[in-house]
K.L.:
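Let me begin by handing over the structure; questions about it come next.
All values derive from a computational prediction rather than experimental measurement.
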Amino acid sequence: MPPEDEVDRIVAAWGRERPDLDVTPLDVLSRVDRLARHLDRARRQAFEAGGAEPWEFDVLSALRRAGAPYELSPKALMQQTLVSSGTMTNRVDRLTARGLVARRTDPRDGRGVLVTLTDAGRAAVDAAIADLLQAERDILAGLSAGEQDQLAGLLRRLILGLGD
């Protein structure tokens, strides 16, 4: 039998205190919650090493993933980062002030704007993703490649069932 973790103790305590409830969802989702906290901490540390905030990485990585010329409309950035129009405007303003992105008029629509990743922004996001991937490899080090694939598949099924 594998060693107990804190979730095992929590589930057992709830089972003892509320035997009328099926507490089995806690076995999975409490662990997912704890894993999310570890991942959040690892991401923050990886981004801080490069002087970036998580929200900055979100915007810069969306632009980087778009491929050359590394630009998207503010609307596309909003959709990819799940923030409001006002929040995106604020974020683009701050990234522009830091020289990580630039705005330019959309040549296909003179009324539209494109947000473009600068060379400095590309260097920052490339360094951040390398640091992040190392942190994530460290988190997953206790699982074999096959176990990681299995876990990814199960989580994908769960998330697709939620409509994401």
Side-chain angles (χ1 to χ4, degrees), residues 7 25-143 145-164:
V7 173
L26 294 174
D27 277 324
V28 174
L29 298 177
S30 290
R31 286 184 176 92
V32 169
D33 180 58
R34 287 171 181 267
L35 179 60
R37 289 188 226 168
H38 284 282
L39 180 58
D40 184 57
R41 189 177 316 124
R43 285 181 168 187
R44 288 186 182 282
Q45 289 171 350
F47 301 149
E48 285 172 7
E53 294 286 331
W55 67 264
E56 291 173 313
F57 177 79
D58 287 347
V59 175
L60 297 176
S61 65
L63 291 166
R64 181 67 167 99
R65 291 188 316 266
Y70 310 110
E71 61 187 13
L72 293 169
S73 69
K75 181 178 181 179
L77 282 170
M78 287 170 26
Q79 291 169 337
Q80 290 193 31
T81 60
L82 303 175
V83 298
S84 69
S85 174
T87 298
M88 183 52 64
T89 297
N90 182 297
R91 289 179 176 186
V92 170
D93 288 346
R94 291 172 67 184
L95 290 168
T96 300
R98 290 191 54 206
L100 300 174
V101 302
R103 284 186 178 96
R104 73 180 189 97
T105 303
D106 185 339
R108 296 173 303 249
D109 175 4
R111 297 167 294 153
V113 172
L114 294 172
V115 179
T116 306
L117 191 62
T118 65
D119 289 341
R122 185 174 172 187
V125 73
D126 284 353
I129 190 65
D131 290 343
L132 173 60
L133 289 172
Q134 183 56 56
E136 291 183 354
R137 273 190 290 280
D138 292 345
I139 287 172
L140 293 170
L143 299 177
E147 289 169 327
Q148 290 180 39
D149 286 344
Q150 183 181 13
L151 180 58
L154 292 170
L155 291 171
R156 181 182 303 108
R157 250 181 52 205
L158 184 61
I159 290 169
L160 287 172
L162 297 173
D164 282 354

K.L.:
Are Gln80 and Leu63 packed together at the side-chain level, in the sense that at least one heavy-atom pair is separated by less than 4.5 angstrom?
P.N.:
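Contact flag for Gln80/Leu63 side chains = no.
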K.L.:
Nearest 0.5 Å, please: how far is OG in Ser73 from CG in Asp106?
P.N.:
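The CG atom of Asp106 sits 8.0 Å away from the OG atom of Ser73.
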K.L.:
Decide whether Ser30 and Arg34 meet the rule of one side-chain donor and one side-chain acceptor closer than 3.5 Å.
P.N.:
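No, no side-chain donor-acceptor pair sits under 3.5 Å.
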K.L.:
Below 4.5 Å, heavy atoms only, C-beta onward: do Leu140 and Glu147 meet side chain to side chain?
P.N.:
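Side-chain contact under 4.5 Å: no.
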K.L.:
Is there a donor-acceptor contact under 3.5 Å from the side chain of Thr81 to the main chain of Asp58?
P.N.:
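Checking the backbone N and O of Asp58 against the side chain of Thr81, no donor-acceptor pair under 3.5 Å is found.
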K.L.:
Considering only heavy atoms from C-beta outward, does the side chain of Val115 approach that of Pro74 to under 4.5 Å?
P.N.:
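They are in side-chain contact.
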K.L.:
Taking the basic N atoms (NZ, or NE/NH1/NH2) and the acidic carboxylate oxygens, is any pair closer than 4.0 Å for Arg156 and Asp149?
P.N.:
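Salt bridge between Arg156 and Asp149, a charged N being under 4.0 Å from a carboxylate O: no.
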K.L.:
For the salt bridge (charged side-chain N to carboxylate O under 4.0 Å, His left out) test, which of Arg91, Arg98, Arg94 pairs with Glu56?
P.N.:
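With Glu56 as partner, salt bridge (charged side-chain N to carboxylate O under 4.0 Å, His left out) holds for just one option, Arg98.
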K.L.:
Measure the shortest side-chain to side-chain distance between Arg41 and Arg44 over non-hydrogen atoms and say whether it is less than 4.5 angstrom.
P.N.:
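They are not in contact (no side-chain heavy atoms under 4.5 Å apart), so the answer is no.
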K.L.:
So which heavy atom on Thr105 is nearest to which on Gly110, and how close?
P.N.:
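Taking Thr105 first and Gly110 second, the nearest heavy atoms are CG2-O, 3.3 Å.
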K.L.:
What distance separates Gln134 CD from Ile129 CD1, expressed to the nearest 0.5 Å?
P.N.:
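Here the rounded value is 12.0 Å.
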K.L.:
Taking C-beta and beyond as the side chain, do Tyr70 and Arg64 meet within less than 4.5 Å on heavy atoms?
P.N.:
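Result yes, sub-4.5 Å side-chain heavy-atom pair found.
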K.L.:
Which pair of non-hydrogen atoms, one from Val101 and one from Val92, has the smallest distance, and what is that distance?
P.N.:
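It is CG2-O, 3.9 Å.
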K.L.:
Of all heavy-atom pairs between Thr118 and Gly99, which one has the smallest distance, and what is that distance?
P.N.:
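Closest pair (atom of Thr118, atom of Gly99, distance): OG1-O, 2.6 Å.
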K.L.:
Quick one: does Leu35's side chain get under 4.5 Å of Ile139's, heavy atoms only?
P.N.:
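Sidechains of Ile139 and Leu35: in contact.
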K.L.:
Hey, does Leu132 have a side-chain heavy atom less than 4.5 Å from the side chain of Phe57?
P.N.:
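The answer is yes, as the side chains (C-beta and beyond) meet within the 4.5 Å cut-off.
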K.L.:
At their closest point, which heavy atom of Leu72 faces which heavy atom of Ala62, and how far apart are they?
P.N.:
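Closest pair (atom of Leu72, atom of Ala62, distance): CD1-O, 3.6 Å.
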K.L.:
Check whether Thr96 reaches the backbone of Ala102 with its side chain - one donor and one acceptor, N or O, closer than 3.5 Å.
P.N.:
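Answer holds: no.
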K.L.:
Looking at every heavy atom in both Leu60 and Gly121, which two are closest together, and how far apart are they?
P.N.:
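Shortest heavy-atom contact: CD1-O, 4.3 Å.
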